[in-house]
There are 2 protein chains.
Amino acid sequence: MATTEDTIAVRISKELADRIISGVIEPGSRLRQDHVAEEFGTSHVPVREAFRRLEAQGLAISEPRRGVRVAAFDLGEVREVAEMRAALEVLALRHAAPHLTPAILDRAEEATKAGDKSRDVRSWEEANRTFHRLILTPCNMPRLLSTIDDLHAASARFLFAAWRSEWETRTDQDHRAILSALRQGNTESAAATLGRHVQWIGQKPVKTASGRTRDAFAIVG
Amino acid sequence: MATTEDTIAVRISKELADRIISGVIEPGSRLRQDHVAEEFGTSHVPVREAFRRLEAQGLAISEPRRGVRVAAFDLGEVREVAEMRAALEVLALRHAAPHLTPAILDRAEEATKAGDKSRDVRSWEEANRTFHRLILTPCNMPRLLSTIDDLHAASARFLFAAWRSEWETRTDQDHRAILSALRQGNTESAAATLGRHVQWIGQKPVKTASGRTRDAFAIVG
DNA sequence: TGAGTTGAAATTATAGATAATTCCTGCAAT
DNA sequence: ATTGCAGGAATTATCTATAATTTCAACTCA
């Protein structure tokens, strides 16, 4: 990774984003600039800029003069992100479809296979993100793609929060259906399947700290 | 405006956003932190934070160690924003529809009338934004609404760039059709009209600095 | 003409000062 | 005894001032 190219603020924001997404830092916990600054061996100014970036991605919320907290989320926000992804990824796919080459679709199929073989959440999520990115990037709409990227980050966070450790391998039929429709030039069918696929919200019982079990929800597509 | 509540960085970002949107600062021109800092009577640190906010809204782009520029835009980006707005506003309207009250619809009609009577771009834009905000806010999806807000800011910028001074009053049939459909409880029809409405791209010949005329484009909905 | 170098200007980072908020402790009142 | 309210210390966010890199352009010399 070309970390030397980036500014310190960018480096810090990437590292913090990774921790928030993976759940190392819990939702609602405070991000204290002096602590972060000390950890990264810098002063607090670049840390503040990193906070602004996280805020823009929706990973943190800041209240003036009261500091920054890791954004909390509930089932409502999971649904919201799922629906926004459905709307925007369908839009992106419609524009990308004419520019999709067999080579790209082959790589997307590789990503699907990698996802099916994944034995942990983390590698599944990476494969899944690769698939979506591959078929959407050719739409050539930078603003749209960057918004979708932020939504994927949120999705990954929900996913890791629910499926902290356990993960059962499963074959992704939707991805295959989308690829097959795209190969046949049937864009509308592919878009429709993608829209449904992304809105599917998985449900899983998890044990809370108090020993009780409750349901956790996440986007699994 | 409760400017004392905000932090200095927020105040600066709002003021700069306003200037960028209204076209006072031209696309591509550099934003120099020292100059801005001097103008606002502060140091450069809050200015840098303001720049990060503008970046997140898509109004500015920053290249590491090379400064911040006002984002440029072309017809492609106008189209992109129009399509994103169509997708997201339709989504928002579907969720807002069940919560719309006659009182809200009446206020939306007032906003439409105000837009029809507007004799300059600025007040038309404000009325138009009020209309959209009124019928979408009840969807209760904060993330979606804030994304739509950023897109509206971009739209306004395109609009002001094209219709710098001249503006001809026109009655907005789409807004009326949307309201009438909503009053009859026909959400799908309202959503379809809104989707088309927002994607309509106005076209207008403008004189360039070199005396030639070319076409300018903007979202007029 | 063109490559290399120097110097001014701007961005980025550091350290320190200021102001606000939180948290704790002690006292009073119910 | 417990709740509620001050007051003050400690923590934290915000801003200013200053220093260190980096970039860009102009100028010199081959």
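The figures here come from the full heavy-atom set of this structure, side chains too, leaving out hydrogens, waters and symmetry mates. The sequence lines fix the lettering, A, B, ..., with proteins before strands; numbering per chain opens at 1.
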When rounded to whole Å, the CD to C1' distance for the pair A:Gln33 and C:dA19 reads 13 Å
* Asked: So, is A:Thr7 close to the C:dA13 phosphate, meaning a side-chain N or O under 4.0 Å from OP1 or OP2?
  -> yes
Here the distance between atom P of C:dA13 and atom CZ of A:Arg11, to the nearest Å, is 9 Å
Interatomic distance, CG@A:Leu159 vs CZ@A:Arg122, rounded to 0.5 Å, equals 11.0 Å
query = Got A:Glu126 and A:Ser118 here, is their nearest side-chain heavy-atom distance under 4.5 Å?
reply = no
Here the distance between atom C1' of D:dT12 and atom CZ of A:Arg69, to the nearest Å, is 13 Å
Pull out every protein N or O sitting under 3.5 Å from an N or O of nucleotides 16-20 of chain D, one pair per line with the distance.
| residue | atom | partner | partner atom | Å |
| --- | --- | --- | --- | --- |
| D:dT16 | OP2 | B:Ser43 | N | 2.8 |
| D:dT16 | OP2 | B:Ser43 | OG | 3.4 |

Rounded to whole Å, the CZ-P distance (A:Phe51 to D:dC15) equals 15 Å
**Report entry** Side chains of A:Leu91 and B:Met84 in contact at under 4.5 Å (non-hydrogen atoms)
**Finding:** yes
Do B:Thr42 and B:Arg11 have side chains that get closer than 4.5 Å, going by heavy atoms? no
Below 3.5 Å between N/O atoms, which protein atoms pair up with nucleotides 22-25 of chain D? Just atom names and distances, please.
| residue | atom | partner | partner atom | Å |
| --- | --- | --- | --- | --- |
| D:dC24 | OP1 | B:Arg66 | NE | 2.8 |
| D:dC24 | OP1 | B:Arg66 | NH2 | 2.4 |

From the list B:Arg129, B:Arg85, B:Glu125, side chain to side chain donor-acceptor pair (under 3.5 Å) partner of B:Ser155 resolves to B:Arg85
When rounded to whole Å, the CG to P distance for the pair A:Leu31 and D:dT12 reads 13 Å
Checking side-chain contact (heavy atoms from CB on, under 4.5 Å) for the pair A:Val47/A:Glu38: CA distance, chi angles, key distance, verdict? CA-CA 10 Å; A:Val47 175; A:Glu38 193 181 8; over 6 Å; no
A:Glu63 atom CD is separated from D:dA13 atom P, nearest whole Å, by 12 Å
